[in-house]
Amino acid sequence: MQKPRGEVHRDGDWHGALHIWVGGIDEGGRPFVLFQRRSQSKDSWPGALDVAVGGHFRAGETVVEAVREGEEEIGLTVAPADLTRLGRRFAHGGVRPDNEVQEVFAVRSDLPLGAYRLHPDEVDAVVAVAVEDSLALFDGHERAVEGIELRRGLSKPVAVRVTVDGFAAGELGGYQARALRGLLATITGEAPEPFQLR
């Protein structure tokens, strides 16, 4: 019998998760990273920014099957051949005992913000930030950077201030910075060095 998601989190059980970092080249030729803004109705980190695509593996599910999360969360069809492996992260609890083994990948997508279809219960917006600015933020060189946000139901994006505190489980110089460097390599056609973070 499969244990319900809420009980897995409550009990601190280790479980598999998929993270797909999405980024591309904007109209000005700058590499950008796409983040999602979690729905205000989420049970963890409501309203926070997060990796563009993330979700739990279902019982017995493979990475190939779990890429369905791209379509479900932001309307991005992802084929296994589109994925570039960035690494694996063992994410330990925190305020909640949420212990995940995250399989981390990158995908290049140059789509404009308006091309994404946001899950009505899980994602409130998509936010694009220049990769260079995102790295400055997560490396601790900047306290805030500017991004462009398109909220569900709106037709025009707006400028938004982005800080580390605005992210789900934000941290300096760790996972996010490693993933961003791997995403940048993927966007520019290089082979990223896979990581394993414990």
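The figures that follow rest on heavy atoms only: side chains count, while hydrogens, waters and symmetry mates do not.
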Original post:
Can Tyr116 and Leu111 be said to form a side-chain contact (heavy atoms from CB on, under 4.5 Å), step by step?
Top reply: CA-CA 8 Å; Tyr116 295 99; Leu111 293 173; 3.7 Å; yes

Subject >> Intermediate values then yes/no, side-chain contact (heavy atoms from CB on, under 4.5 Å), Glu100 and Phe57 >> reply: CA-CA 10 Å; Glu100 292 185 343; Phe57 286 101; over 6 Å; no

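With a 4.5 Å cut-off on side-chain heavy atoms, Arg181 and Phe195 do not count as touching. Residues Val129 and Phe35 form a side-chain contact, since some pair of their non-hydrogen atoms from C-beta on lies under 4.5 Å apart. You'll find the side chain of Val107 reaches within 4.5 Å of the side chain of Leu83, heavy atoms only. Within the 4.5 Å cutoff, the side chain of Val162 has heavy atoms near those of the Leu49 side chain. Proximity of Val53 to Trp21: side-chain heavy atoms (C-beta onward) are nowhere separated by under 4.5 Å. Side-chain atoms of Val160 and Val127, non-hydrogen and from C-beta on, do get closer than 4.5 Å to each other.
With sequence neighbours excluded, the residues that form a side chain to side chain donor-acceptor pair (under 3.5 Å) with Ser39 are Ser41. Every residue meeting the salt bridge (Lys or Arg N to Asp or Glu O under 4.0 Å) condition with Arg30, not counting sequence neighbours, appears here in chain and number order: Asp133. The side chain to side chain contact (heavy atoms under 4.5 Å, CB included) check on Gln196 picks up Arg88, Phe90, Arg198, with sequence neighbours excluded. Take Asp26 and apply the side chain to side chain donor-acceptor pair (under 3.5 Å) test, not counting sequence neighbours, and it matches no residue. The salt bridge (Lys or Arg N to Asp or Glu O under 4.0 Å) test applied to Glu149 returns Arg37, Arg151, not counting sequence neighbours. Every residue two or more places apart in sequence or in another chain was checked for a side chain to side chain donor-acceptor pair (under 3.5 Å) with Thr163, and none qualifies. Checked against salt bridge (Lys or Arg N to Asp or Glu O under 4.0 Å), Asp82 has no partners two or more places apart in sequence or in another chain.
Nearest heavy atoms, Gln102 versus Ala91: NE2-CB, 3.7 Å. Between Ser109 and Val22, the shortest heavy-atom distance links the atoms CB-CG1, 3.9 Å. The two residues Leu197 and Arg178 come nearest to each other via the heavy atoms CD2-NH1, 3.7 Å. Here the closest non-hydrogen pair linking Ala177 and Asp139 is CB-OD1, 3.6 Å. When all heavy atoms are compared, the tightest approach of Ser134 to Val33 is OG-CG1, 3.3 Å. Scanning all heavy atoms of the two residues, the minimum distance from Ser44 to Arg38 falls at O-NH2, 2.7 Å.
Residue pairs that meet the side-chain hydrogen bond (donor to acceptor under 3.5 Å, both in side chains) test with at least one member in residues 118-131, sequence neighbours left out, are Asp124-Arg152.
A donor-acceptor pair is defined here as one N or O able to donate and one able to accept, closer than 3.5 Å; no such pair exists between the side chain of Arg85 and the backbone of Phe105.
To the nearest 0.5 Å, atoms CD1 (Ile20) and CG (Leu34) are separated by 12.0 Å. Summarising the geometry, atom CG belonging to Leu135 is positioned 5.0 Å from atom CG belonging to Leu180; distances are rounded to the nearest 0.5 Å. Once rounded to the nearest 0.5 Å, the distance linking CG of Asp50 with CD of Gln176 reads 8.5 Å. Distance check, rounded to the nearest 0.5 Å: OG1 of Thr84 to CZ of Arg108 gives 11.0 Å. If you take CH2 on Trp45 and CD on Gln40, they are separated by 13.5 Å, rounding to the nearest 0.5 Å.
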Listed pairs under 3.5 Å, donor-acceptor, residues 183-192 side chains, sequence neighbours left out:
| unit_1 | atom_1 | unit_2 | atom_2 | d |
| --- | --- | --- | --- | --- |
| Thr186 | OG1 | Gly182 | O | 2.9 |
| Thr188 | OG1 | Leu184 | O | 2.9 |
| Thr188 | OG1 | Ala185 | O | 3.3 |

Taking distance alone, no hydrogens or angles, what donor-acceptor pairs closer than 3.5 Å link side-chain atoms of residues 62-81 to residues at least two apart or in another chain?
| unit_1 | atom_1 | unit_2 | atom_2 | d |
| --- | --- | --- | --- | --- |
| Thr62 | OG1 | Val64 | N | 3.4 |
| Thr62 | OG1 | Glu65 | N | 3.3 |
| Thr62 | OG1 | Glu65 | OE1 | 3.4 |
| Glu65 | OE1 | Thr62 | N | 2.8 |
| Arg68 | NE | Glu61 | OE2 | 2.8 |
| Arg68 | NH1 | Glu72 | OE1 | 3.1 |
| Arg68 | NH1 | Glu72 | OE2 | 3.4 |
| Arg68 | NH2 | His56 | O | 3.4 |
| Arg68 | NH2 | Glu61 | OE1 | 3.0 |
| Arg68 | NH2 | Glu61 | OE2 | 3.4 |
| Glu71 | OE1 | Thr77 | OG1 | 2.7 |
| Glu71 | OE2 | Arg117 | NH2 | 2.2 |
| Glu73 | OE1 | Gln36 | NE2 | 2.8 |
| Glu73 | OE1 | Gly54 | N | 3.1 |

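Phe138 and Phe167 have their aromatic ring centers within a separation under 6.0 angstrom.
No continuous path of ILVMFWY side-chain contacts below 4.5 Å connects Leu150 to Val158, so the two sit in separate hydrophobic clusters.
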